[in-house]
Amino acid sequence: MKLLSPVGNFESLKSAILGGADEVYLGINDFNARNNIDGFTIDDLKQAVDYSHLFGVKVLLAVNILFSDEELALAVDIVIKAYNVGVDAFIVQDLGFAHILSSYYPEIELHASTQMGIHNLEGVKEIEKFGFKRVVLSRETPLSEIKRIRDNSDIEIEYFVHGALCVSFSGNCYLSSYLNDASGNRGRCKQLCRLPYKLLKDGKQVKEGYLLSAKDFDMSNRLADLKQAGVDVLKIEGRARRPYYVYTVTNEYRKLLDGKRADADKLKLAFNRGFTEGYFNGNGNIISDVQNHVGIEIGKVLSVNNGKKFNEIILSSKRELNKKSTFKFFKNGKEITTLTAYDLIRVGNGKYKITTTQKIEVGYTVNLISDFNEESAILSGNPKRKLKLKISLIPNQKISAEIILNDKTEIVYGDILQIAKNQPLMEAEIIANFSKSETFDCDVVVDMQGDVFIAKKQLNEFRRNVLEVAFNLLTSVDRVPLVKKEIIENKTYVPFVDFAIVTSVNESLVARNIIYTPDTYHVEDVKRLLERCRDEGRELYLDTPNFALKEDVAILKKIIEQTGVKVVANNYYALSLGADVIGAGLNVYNTVSASVHNKPIMTAEKGMAGRVRFPYMTLRFCPIKSHVGGNCKNCQYSSGFELQMESGKRLKIKRKKLSDCTFYLTD
């Protein structure tokens with residue numbers, strides 16, 4: 001399995017390489033799903049690509065947002081430029097964009113972004129038609145479905161193993177888009193899920209806290225399962241994280257892939273809100289009590305001496321602490337405050353003193369969230385590319401260096417060597433000279449055939465030439481550059497109109513087209529409603545869930561076979577059901593995507609056309625079990641549950657049930 005690391009800037013790129021990444025992924029400008037970070041531009045992309053290729057690391061460019069018609073041409077231009085400077089593959093969400101790239105530039109390697117929500121074999125089979133070489137499965141995909149995909153497809157499988165876990169199903173969170181006009185599918189998510197919420201039942205408060213704040217993904221104990229299931233690439237989340245995080249998480253997973261043990265505390269210290277294995281074995285316990293990094297617990301506050309201005313805190317610690325490190329203090333599990341200890345002093349065995357103006361009480365739990373010395377040591381590191389050289393020194397001949405790489409060699413010549421009269425050049429001088437490189441770790445073999453002399457200036461120039469040739473050999477890309485082509489695409493589409501959504505067989509029917517989106521899918525209910533629609537001259541469409549596993553797809557197929565009902569597709573898998581309408585969950589944002597589907601379109605995001613109010617979120621975890629209690633055998637779900645935001649906005653909790661439940665937040 002290969003290890004894919006996140007890169008938000010050049011320091012993180014160095015950290016990823018130093019940590020042992022096989023591949024890195026990054027974004028540029030506004031055309032990626034992390035456009036709230038200062039990352040790379042198209043102008044400095046070549047430097048990042050060359051640096052990565054120097055170490056044999058592939059570069060994947062995330063262009064994984066939805067594009068408007070007006071943006072498509074610029075997005076294609078950026079991909080062409082990126083390909084021509086050596087980017088190895090492109091992570092894409094927008095189907096119209098993918099269609100253009102695969103049709104006009106088949107040389108480009110495309111990876112299906114997790115934002116496409118691919119989570120089952122049927123979805124994989126649909127996107128294979130568009131030339132995708134790799135699929136980034138949604139985080140909600142369980143082990144059984146990964147195995148099913150591997151057994152029935154040759155597509156490369158990429159799976160998230162560490163980092164932030166979106167509480168909403170991939171690509172189907174519209175909360176930020178609808179409430180703040182900041183679409184996550186456009187890279188502008190406001191992370192409203194990390195805010196406090198109140199859980200209400202029939203208007204009365206049941207619970208409050210960070211009820212939608214997910215823990216962080218940690219699959220460090222499940223790599224053997226992932227390998228057996230057929231995963232090809234392990235993906236670390238975190239392009240917005242610090243270089244220390246990138247190095248630490250990459251390095252710990254590299255250890256695991258090399259058969260060594262990982263340090264659990266280092267993974268926690270890098271960043272965690274509590275860890276979870278997510279949905280790997282079904283709908284897991286994913287909700288945290290916090291919204292931000294909690295680090296590792298190291299001790300307690302033993303005593304406090306409050307002064308007029310400064311307070312002296314004595315705390316215990318399970319580990320050695322360093323000045324300038326940062327700590328969080330908790331009371332009964334609730335975060336109280338954070339401070340950086342510039343004046344930390346050791347005052348005894350496992351005891352330290354900190355002076356602060358903050359109010360801290362005896363008994364508070366102390367967590368370390370940043371170790372200054374450890375971070376400084378890591379960030380001072382600089383990766384070097386190992387390079388084998390054989391340097392020949394023969395009197396009256398040009399000095400030469402044979403560059404020895406895995407699949408090629410190259411000889412570089414310098415100035416003619418003179419016969420030494422007084423102080424001949426020593427082998428140690430040659431080796432020392434080539435050790436000056438900040439980029440290469442040179443393994444030098446010297447073939448000295450007599451006493452020779454060369455001026456220091458000439459030797460330095462020779463070294464620079466040799467290393468420049470080596471750099472070019474390692475970073476050169478053997479491909480024919482792409483040229484811009486005229487793109488002619490059908491941009492006609494038909495919006496799906498004159499429809500009404502019903503959730504019950506007995507609701508009034510008030511539109512020409514009726515979309516039935518039930519709480520629980522029963523074939524008899526569909527038959528009854530279908531008969532009503534036919535009697536009243538209406539068309540019935542069955543709304544398909546945007547998440548469905550093997551058993552769910554089988555249930556839907558059976559309903560369709562027995563009733564002949566038309567289908568609204570809200571995920572790629574549903575296209576295999578013979579969909580008649582492209583639903584809002586498929587995120588059609590431009591007319592090229594619409595024309596590729598060639599079916600009536602509904603859209604969840606404003607852009608191409610007026611949007612349909614889709615659920616704010618799709619939840620694969622059970623909010624009722626998490627916050628109320630009970631289990632699937634003793635289900636506590638009923639109507640009347642809501643989540644209330646600090647603004648007062650209420651989000652109703654609804655569900656769809658096939659073989660198991662998926663939950664939705666709606667108006």
Side-chain angles (χ1 to χ4, degrees), residues 2-3 5 7 9-26 28 39-61 81-89 243 246-247 250 379-393 398-415 429-447 454-482:
K2 292 181 284 190
L3 186 58
S5 295
V7 169
N9 53 43
F10 208 87
E11 285 303 311
S12 290
L13 175 59
K14 291 198 297 184
S15 295
I17 292 170
L18 193 63
D22 297 302
E23 302 176 348
V24 297
Y25 64 104
L26 50 85
I28 57 172
F40 297 88
T41 68
I42 192 66
D43 296 324
D44 57 26
L45 184 60
K46 178 172 173 51
Q47 181 186 7
V49 171
D50 284 349
Y51 190 80
S52 301
H53 287 174
L54 176 68
F55 294 94
V57 173
K58 289 188 175 182
V59 178
L60 316 182
L61 184 65
K81 291 176 182 177
Y83 179 89
N84 288 343
V85 299
V87 167
D88 297 285
V246 174
Y247 168 82
T250 300
L379 296 179
S380 65
N382 192 42
K384 286 191 174 186
R385 175 63 157 86
K386 290 187 178 298
L387 184 66
K388 288 186 177 182
L389 299 171
K390 181 180 179 182
I391 299 178
S392 297
L393 300 103
K398 291 181 178 180
I399 185 173
S400 66
E402 182 181 7
I403 303 170
I404 305 168
L405 301 175
N406 292 333
D407 55 350
K408 56 184 121 178
T409 61
E410 186 86 7
I411 297 178
V412 181
Y413 293 95
D415 293 321
E429 293 179 76
I430 296 288
I431 294 173
N433 190 283
F434 275 84
S435 69
K436 296 178 181 179
S437 173
E438 294 184 0
T439 304
F440 291 100
D441 178 10
C442 298
D443 179 5
V444 179
V445 175
V446 178
D447 179 17
I454 187 172
K456 187 174 182 179
K457 180 179 179 181
Q458 293 173 298
L459 182 60
N460 288 337
E461 182 65 23
F462 175 66
R463 181 193 73 242
R464 287 191 287 268
N465 290 341
V466 170
L467 299 185
E468 182 180 359
V469 170
F471 183 90
N472 291 335
L473 284 171
L474 289 163
T475 60
S476 63
V477 179
D478 185 17
R479 59 171 60 156
V480 177
L482 296 178

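None of the values given here were measured: they were computed from a predicted structure.
Contact annotation: the side chain of D88 approaches that of H53 to within less than 4.5 Å [non-hydrogen atoms, C-beta and beyond]. Residues K408 and L473 form a side-chain contact, since some pair of their non-hydrogen atoms from C-beta on lies under 4.5 Å apart.
Of the inter-residue distances, the one linking L60 atom CG with S52 atom OG reads 10.0 Å to the nearest 0.5 angstrom. The CG atom of D415 sits 8.5 Å away from the CD1 atom of I399 when rounded to the nearest 0.5 Å. Expressed to the nearest 0.5 Å, how far NZ of K14 lies from CG of N9 amounts to 10.0 Å. Within the model, atoms OG of S435 and CG of D443 stand 12.5 Å from one another, a figure rounded to the nearest 0.5 Å. Here the CG-OG distance, from L3 to S5, works out to 4.5 Å after rounding to the nearest 0.5 Å. Note that CD1 of I42 is 4.0 Å distant from CD1 of I28, once rounded to the nearest 0.5 Å.
Taking all atoms of both residues into account, the shortest heavy-atom contact from N84 to P481 is OD1-CA, 3.3 Å. Scanning both residues, S12 and V246, for their nearest heavy atoms gives O-CG1, 3.6 Å. Shown here for A16 and V24, the closest heavy-atom pair between the two residues is CB-CG1, 3.9 Å. Looking at every heavy atom in both residues, F462 comes nearest to S400 through CZ-C, 3.7 Å. L45 and A82 get closest at one heavy-atom pair: CD2-CB, 3.6 Å. Of all the heavy atoms in V59 and A48, the pair that sits closest is CG2-O, 4.5 Å.
With sequence neighbours excluded, the residues forming a ring-ring contact (aromatic ring centres under 6.0 Å, His included) with Y51 are F10, F55, listed by chain and number. Checked against side chain to side chain donor-acceptor pair (under 3.5 Å), D447 has the following partners two or more places apart in sequence or in another chain: Q449. Under the side chain to side chain donor-acceptor pair (under 3.5 Å) criterion, K398 pairs with no residue at all, not counting sequence neighbours. Residues passing the side-chain contact (heavy atoms from CB on, under 4.5 Å) test with T41, sequence neighbours excluded: N29, D43, D44.
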Validation: residues 464-471 side-chain donor-acceptor distances under 3.5 Å, sequence neighbours left out:
unit_1: R464; atom_1: NH2; unit_2: E461; atom_2: OE1; d: 3.0
unit_1: N465; atom_1: ND2; unit_2: E461; atom_2: O; d: 3.4

Contacts under 3.5 angstrom, residues 383-393 side chains, donor-acceptor by atom type, not counting sequence neighbours:
unit_1: K384; atom_1: NZ; unit_2: S437; atom_2: O; d: 2.9
unit_1: R385; atom_1: NE; unit_2: L54; atom_2: O; d: 2.8
unit_1: K386; atom_1: NZ; unit_2: D441; atom_2: OD2; d: 3.2

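Within 6.0 Å of atom NZ in K58, 12 or fewer heavy atoms from other residues, nucleotides or ligands are found, so the atom counts as exposed in its surroundings.
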(request) Walk me through it: do Y83 and R479 pass the test side chain to side chain contact (heavy atoms under 4.5 Å, CB included)? (result) CA-CA 9 Å; Y83 179 89; R479 59 171 60 156; 3.4 Å; yes
(request) Begin from the C-alpha positions of R463 and L459 and carry the test side chain to side chain contact (heavy atoms under 4.5 Å, CB included) through to its verdict. (result) CA-CA 6 Å; R463 181 193 73 242; L459 182 60; 5.9 Å; no
